[in-house]
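Sequence lines set the chain letters: A, B, ... in the order given, protein chains first and strands last, and positions in each chain run from 1. Just so it is clear, the structure is predicted and the values come from calculations on it, not from any experiment.
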Amino acid sequence: MTKYDHKAIEKKWQNAWEKEKTYQASDAGKKPKKYVLIEFPYPSGEGLHMGHLRPYTAGDTYSRYFRMKGCEVLYPIGWDAFGLPAENFAIKNKVHPRVSTAKNIANAKKQLQNWGISFDWSREINTTDPDYFKWTQWIFLQFYKAGLAYEATGLINWCPKDKTGLANEEVIDGRCERCGTVVEKKELRQWYLKITAYAEKLLEGLKELKEWPEPVKLQQENWIGKSEGAEIEFPIAQKGIRKFIILHGRGSRPKDHFYTWLKKKLESKGFEVQSPQMPGGEEPKDDECADFIQQHCNLDEHTVVIGHSFGGIVALRLLERGARLAGAILVATPFTGKFMDGKNRPTVTAAAKKGFDFAAVIKNCGFFKVISDTTDYVVAMSDGESYAAKLGVNLIKAAAAKPHFLDEQEPELLTIILSRIAVFTTRVDTLPGATFLVLAPEHPLISNLKSQIKNWAEVKKYIENAKKKTDMQRAAVEKEKTGIFLGSYAVNPATKEEIPIWVADYVLMGYGTGAIMAVPAHDERDFEFAKQYKLPIRTVINNPSQPPLNLRGGETAEEPPLNIRGGEGELFTGEGLLINSDGYDGMSTEEARKKIAKDFGQPKVQYKLRDWVFSRQRYWGEPIPLIHCQNCGTVPVPEEDLPVTLPEVKDYEPTGTGESPLAAIDEWVNVKCPNCGGPAKRETNTMPQWAGSSWYWLRYADPDNKKEMAGKKLLKRWTPVDVYFGGMEHTTLHLLYSRFWNLFLYDQGHVTAKEPFTKRVPHGIVLGPDGEKMSKSRGNVVNPDEIIEKFGADALRMYEMFLGPHGDTVSWNDKGIMGIKRFLDRVLRYQEISKDLPRVEKKNLLHKTIKKVTQDIEGFRFNTAISQMMIYLNEVWKVSEDENRIEVDFVTKEEWQEFLKLLAPFAPHLTEELWHQLGHKDSIHLKEWPKFDPKLAQDTKVTFVVQVLGKVRATLEMPAGTSQQEVKEKALAGENVNRHLEGKKIVKEIFVPDKLINFVIK
RNA sequence: GCCCAGGUGGUGGAAUGGUUUACACGCAGCACUUAAAAUGCUGUGAGCGAAAGCUCAUGUGGGUUCGAGUCCCACCCUGGGCACCA
């Protein structure tokens, strides 16, 4: 008995396929295209594992099937080779990541070839290849030019072990996705991609993805987290302010910038406003201006001075001279007199350099607000920070509509000046029930209120503690809510009542406005908080399942409303009719939402999705192609200078200070500004690993293009990807990022398909034999290469698919593979021993098998396709004791060849070998896929089930299509059936053709 | 807590509302062999029975139906995602 020498045969055909370029996809030709994609691997030092094998084999089987179906199949492969492991290896062993990566790639490539995967190797790509990342950088520049890449300082997730910032999506359960370290919050200047600008498009696009699994779409939808509601502003109760004076900046006039707009806004709130033109024009002097104001304006304890830029210096000068004011608001003031753009403004600098008598300034002023613009590139944030500290307040950071607050309208400024607290809510209808406000500990307005906060030390302690807690700790406390009263009150715009303002860490700065209106009677969290601190709970919606309350909320007309004693009341979060809400009483919650939003707020849509932190402080990534020039600000690297490659460094160690190791390479960092030729510095942050994988499928279409990311013609030929195999774990990472990039590139006219992946097929995880996740530490890792050594690639591939449905998590079972091995051996032996023997046709079974295998491959039910082929072989393979004495007929050569073709996508090596042994000279993998005749695929003989009262009492073998009458007659002749019918009357008869007959008796 | 997916023999799993347990593993018996391995054949949900056959079994409890693993309601458990998102 011959045994299948898998080693020799598999090698032989792998070499032949490579030589013949059997799987190369043609850019030309008339065949319909089919683009099948798997998630390209990270070439780690460990090599590829079972987790790679499963999707790659599925994609391979699928691709081979469509090739035989007559499609031009593109099944490409590449390497996602930037990333931390290579860099950490470099740090440890002082080997350049390029070197270790190349070695790992060579190894992984060999593995893939041993697995017999039919990749088109001519299109192999590598994200670390400068010819590739040139275009990754180019795409970044398109984002930058479109205003979708921006730099900002913010609290970001920071991994202390990897010493780099992380995107929101990379934090799993409060831990770093890569190394599992608890993530900290760190304030850093970072690059962001404005994925939030695409939130709506990403959400809308999901609707078009008809061939995506619902759970994947749902998970993305939840991640984007759209909620529709309203923003409402609560004015802070401030008594005693009657007048504002607006002091303009250097060289400006009262009609410039936001001044006129602000004046009108403040006047409409009933304040008196003066906006005088100060002397000095382009070169104003602070003392002259102060003189002028003192002469022309009435300054008193009811006046607040707003100083913009140079105007801020004048304001402080006035206070220093003894003017008494209610408050001073300093907007983007260059306190140190230094400018980031390098330009000279001599009088401003001179005025600032004089300094101030802070003791006098503080003594004469009720409150200070120091406001800096996070997008300012003229006045440094540090100016604001140091002066805020000297004035004893926290700096208020605001995003100006135009840098340095130069726009005609600056809404954020108005909010700060008026001390209004904006809240976002999806339940505007409950506004009359808002009995207090809660700010997040990071809320910028808190420092604003400082002068009014009597227990500042306590508040400060609370805030600092909250900031120290990680997200995980903050969420873990869940049960007990903590918070502290700020001593200030805001006005509920609906009830006009003054309600207390609290700080509590159950309110998150990152969502909405970082402040909420608390409606304890109708929100679970607010309810808990109110109970804890005995705050009033006012019912404003009647619970329909409870006895109705009167419109004032009491049970009888005489009873007072239900908002009396703090901490007492009921919670109801459902819908109903409004009560206790004056003009809104009796309305449904739905009606009230519309009406109250119209009266007191404006409609607003909020998303949970945050912008994508796009910079990493590491070496082994694509350098962000920007240059910082003292004169021109941030300048993109000209496209003709791309790619910006990585310099050689001695040390790959991250600095840990928030700067990349690249920052230490002076000869790389220092460049000439492409704009003005002056001295400039390169951006030293690199891109996250997700960058290279966010467009790679586009490059496969046109991998050697030197002029473009990918040519339109070839993009049209190949994209979108028809089927994308991959893991659930990428749903809110790679898959979302890729859709974002593709949608953006589509909007910019660079790609031809709006959505990148027509169909998404998730695969299950392969667990170890113990049912646990395979890991070195558990010692349950099954190495695919060892299995191949023992059983061959065909057996391994088929067994992986046979283990269970493609989407399910499966456990590897060492013994099970023998079943597949036996099957393959039997296929081989069948062909051997059936030579020169008489043959018969098994048409029905063959067509049934063709039908099942075809439909199962298309439906990704590879396991049942394999079962059907086993059934076929079992049926034709019946040998008595002596193998040479044939008991059952062999099928004809024609039928056998059809069977081999069915098996070809699953066991490519064996079938190719047998195919050639039958005398063929060409590859089985390019032969036409068998067709089935639906009539022949049906059974000629069927088993009828005879039931009495739904219970099986007999079965009948009869030809398909037998009439009800005939079946009934035969059924009633049966002994057992008769016994159950005895003495009863048949009241009903149910007949299902070719299936069953059921007698209902009485 | 909320949102998904799932729960079927000793095991992996199969099953358009129609014989539950296909296919495979494992196990048992038999054949071949001096023997073992390999290979082949037969059997294999549980209980009762000599057999014919009967009863009970798809997480639990109800319901719809001539008939439910499949549809509906409630609950339990496992896996995945989100998690104070206002």
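Note: NE2 (A:His763) to P (B:rG80) measures 15 Å, nearest angstrom.
Between the side chains of A:Asp856 and A:Thr864, a donor-acceptor pair is found at a separation under 3.5 Å. At a cut-off of 3.5 Å, with distance as the only test, no side-chain donor of A:Glu39 or A:His734 sits close to an acceptor on the other residue. Remark: the A:Thr849 side chain and the A:Gln868 side chain contain an N/O donor-acceptor pair separated by less than 3.5 Å.
Nucleic acid contact class of A:Leu218 (heavy atoms, under 4.0 Å, all strands): sugar-phosphate only.
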Would you sketch RNA chain B in dot-bracket for me? Only Watson-Crick or G-U wobble pairs with both distances under 3.5 Å count, crossing pairs as [ ], other-strand pairs as |, the rest as dots. (((((((..(((.....[....)))((((((.......))))))((((....))))..(((((..]....))))))))))))....
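Residue-to-nucleotide contacts include a donor-acceptor pair under 3.5 Å from the side chain of A:Lys481 to the base of B:rC84.
In this model, the phosphate group of B:rA14 is approached by a side-chain N or O of A:Asn863 to a distance below 4.0 Å at OP1 or OP2.
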Please write out the pairs of protein N or O atoms and N or O atoms of nucleotides 66-70 of chain B separated by less than 3.5 Å, giving the distance to one decimal.
{"residue": "B:rC66", "atom": "O2", "partner": "A:Asn998", "partner atom": "ND2", "Å": "2.3"}

Which atoms of nucleotides 10-12 of chain B (N or O only) lie under 3.5 Å from a protein N or O atom, and what are those distances?
{"residue": "B:rG12", "atom": "O2'", "partner": "A:Leu803", "partner atom": "O", "Å": "2.6"}

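With RNA chain B read from its 5' end, the first of the two nearest nucleotides for A:Ile765 and A:Pro215 is the one closest to A:Pro215. Both A:Gly514 and A:Ile866 sit near RNA chain B, but only A:Ile866 has its closest nucleotide nearer the 5' end.
Residue A:Pro805 has its side chain nearest to B:rG13 when only B:rG18, B:rG13, B:rA86 are considered. In the set B:rU16, B:rC25, B:rA15, B:rU16 carries the atom at the smallest distance from any side-chain atom of A:Lys995.
By the side chain to side chain contact (heavy atoms under 4.5 Å, CB included) test, A:Glu729 pairs with no residue at all, sequence neighbours left out.
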Validation: residues 981-990 of chain A side-chain donor-acceptor distances under 3.5 Å, sequence neighbours left out:
{"residue": "A:Glu989", "atom": "OE1", "partner": "A:Lys968", "partner atom": "NZ", "Å": "3.0"}
{"residue": "A:Glu989", "atom": "OE2", "partner": "A:Gln964", "partner atom": "NE2", "Å": "3.0"}

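Electrostatic pairing of A:Asp939 and A:Lys941 does not count as a salt bridge here, judged by no charged N lying under 4.0 Å from a carboxylate O.
Two rings, from A:Phe436 and A:Phe529, have their centers less than 6.0 Å apart.
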Assign a letter to each nucleotide of nucleotides 49-57 of chain B from its 5' end: B, base within under 4.0 Å of a protein heavy atom; S, sugar-phosphate only; -, no contact. ----SSSS-
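Classified by interplanar angle (parallel below 30°, tilted 30° to 60°, perpendicular above 60°), the ring pair A:Phe572/A:His522 is perpendicular.
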